Amino acid sequence: MYPLLLNFHNINRWIVLILGLTAAYRSYTGLSGQKEWNALDRRWNLFFTISMDIQFVTGLVLFFFLSPITRSAMTQMSLILPDREQRFFPLIHPLYMLLAMLFTHLGSLLPRKAKTSLVKYQRSAAFFTLAILCILLGMPWTRAFFPGL
């Protein structure tokens, strides 16, 4: 079960990143082109948020129930804190992804409450940019595209 879910989580990160970049791109082009906010903008925001939610829930299941890395790290926390490599999965990765999740939801929710298209694009662009930055900083770049191969 662990390898299957880890593979899904690993592949889905690219889907999340592509959807996030697309939603941010639409926000920036809408902002620079002075366009009206439309249903397609809302849909891309929703796709990004849903993909992020799926990724986050998968990550929580891995973190709390299946991962031998976090299980061993939690029993030896004092040993992993000084070493950046060892503290990445139990501490750094979850922190960045929690922030990315927060920014993604703010980037999807706050434009709905705005009155003008300009403010909608500004809010989604700002928060999606922060979400993508957190995703890129917290992504395990050393992990293979397909773990275990």
Side-chain angles (χ1 to χ4, degrees), residues 1-71 73-74 77 80-81 84-85 87-148:
M1 177 70 166
Y2 174 68
L4 180 67
L5 202 57
L6 185 61
N7 280 335
F8 173 78
H9 190 66
N10 197 25
I11 294 167
N12 195 49
R13 69 180 165 162
W14 301 110
I15 295 168
V16 169
L17 191 58
I18 290 167
L19 289 172
L21 289 170
T22 304
Y25 173 78
R26 287 195 59 83
S27 297
Y28 280 109
T29 56
L31 192 61
S32 65
Q34 310 247 337
K35 298 177 183 175
E36 284 298 313
W37 185 267
N38 59 43
L40 194 55
D41 295 314
R42 168 91 174 87
R43 259 188 240 121
W44 278 107
N45 290 5
L46 185 63
F47 293 154
F48 177 41
T49 305
I50 290 170
S51 70
M52 191 69 184
D53 288 344
I54 292 168
Q55 186 72 346
F56 193 73
V57 168
T58 306
L60 287 176
V61 170
L62 286 167
F63 185 83
F64 286 112
F65 301 109
L66 300 176
S67 175
I69 297 169
T70 55
R71 191 176 301 125
M74 293 306 162
M77 192 60 75
I80 67 158
L81 285 177
R84 187 190 191 297
E85 291 295 316
R87 73 174 178 253
F88 180 79
F89 285 107
L91 295 174
I92 296 169
H93 179 66
L95 175 64
Y96 276 123
M97 295 309 142
L98 183 62
L99 288 172
M101 186 71 167
L102 173 72
F103 292 139
T104 300
H105 277 271
L106 288 172
S108 184
L109 176 69
L110 293 179
R112 289 186 229 161
K113 298 184 180 287
K115 301 290 185 216
T116 66
S117 290
L118 177 67
V119 175
K120 290 179 185 211
Y121 283 125
Q122 286 173 338
R123 289 177 179 178
S124 64
F127 284 109
F128 287 163
T129 301
L130 290 171
I132 291 166
L133 181 63
C134 287
I135 290 168
L136 291 173
L137 289 171
M139 191 179 276
W141 292 101
T142 57
R143 182 154 282 179
F145 188 78
F146 292 104

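It should be emphasised that the depicted structure is a prediction, and the values quoted were computed from it without experimental measurement. All residue numbers refer to positions in the sequence shown, counting from 1. The figures here come from the full heavy-atom set of this structure, side chains too, leaving out hydrogens, waters and symmetry mates.
The line from CG of Leu109 to OG1 of Thr104 is 12.0 Å long, rounded to the nearest 0.5 Å. Atom CG of Leu60 sits about 8.5 Å away from atom CG of Leu98, to the nearest 0.5 Å. In this structure, Leu6 CG and Met1 CE are separated by 12.0 Å, a value rounded to the nearest 0.5 Å. Note that CG of Asn45 and CG of Leu19 are 11.0 Å apart. Values are rounded to the nearest 0.5 Å. Here the straight-line distance linking atom CG of Leu21 with atom CD1 of Ile135 works out to 8.5 Å at 0.5 Å rounding. For the atom pair NE2 (His105) and CZ (Phe56), the distance works out to 8.5 Å, reported to the nearest 0.5 Å.
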For the pair Phe48 and Phe128, evaluate ring-ring contact (aromatic ring centres under 6.0 Å, His included) and give the outcome as yes or no after the intermediate values. CA-CA 9 Å; Phe48 177 41; Phe128 287 163; 5.1 Å; yes

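When all heavy atoms are compared, the tightest approach of Gly20 to Ile132 is O-CD1, 3.3 Å. In terms of heavy-atom proximity, Ala100 sits nearest to Met52 at CB-CE, 3.4 Å. Nearest approach of Gln55 to His9, heavy atoms of both residues: NE2-O, 2.8 Å. For the pair Trp37 and Ser124, the tightest heavy-atom approach, listed with the atom from each and the gap, is CZ3-OG, 3.8 Å.
Without hydrogens or angle criteria, Thr70 side chain to Phe63 main chain gives a donor-acceptor distance under 3.5 Å. With hydrogens and angles ignored, the 3.5 Å screen pairs no side-chain donor or acceptor of Trp44 with any backbone N or O of Tyr25. A donor-acceptor pair is defined here as one N or O able to donate and one able to accept, closer than 3.5 Å; no such pair exists between the side chain of Gln122 and the backbone of Leu31.
Taking 4.5 Å as the limit, every side-chain heavy atom of Leu130 sits out of range of all side-chain heavy atoms of Leu99. Side-chain contact check for Asn12 versus Thr58: every heavy-atom pair is 4.5 Å or farther apart. Between Arg71 and Phe65, every side-chain heavy-atom pair lies at or beyond the 4.5 Å cut-off.
Judged as a side chain to side chain donor-acceptor pair (under 3.5 Å), and not counting sequence neighbours, the contacts of Thr49 are Ser108. Taking Tyr28 as the reference, Thr129 meet the side chain to side chain donor-acceptor pair (under 3.5 Å) condition, with sequence neighbours excluded. Applying the ring pair (Phe, Tyr, Trp, His ring centres under 6.0 Å) rule to Phe127 yields no partners; only residues at least two apart in sequence or on another chain are considered.
Annotation: salt bridge (charged side-chain N to carboxylate O under 4.0 Å, His left out) contacts involving residues 109-134, sequence neighbours excluded, are absent. Within the structure, the salt bridge (charged side-chain N to carboxylate O under 4.0 Å, His left out) test picks out the following pairs touching residues 20-48 (sequence neighbours left out): Arg26-Asp41.
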Which atom pairs, donor and acceptor, lie under 3.5 Å between side-chain atoms of residues 87-96 and protein residues at least two apart or in another chain?
from  : atom 1 : to     : atom 2 : distance (Å)
Arg87 : NH1    : Leu81  : O      : 2.4
His93 : ND1    : Gly138 : O      : 2.6

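In Tyr2, the OH atom is crowded: over 12 heavy atoms of neighbouring residues, nucleotides or ligands sit closer than 6.0 Å.
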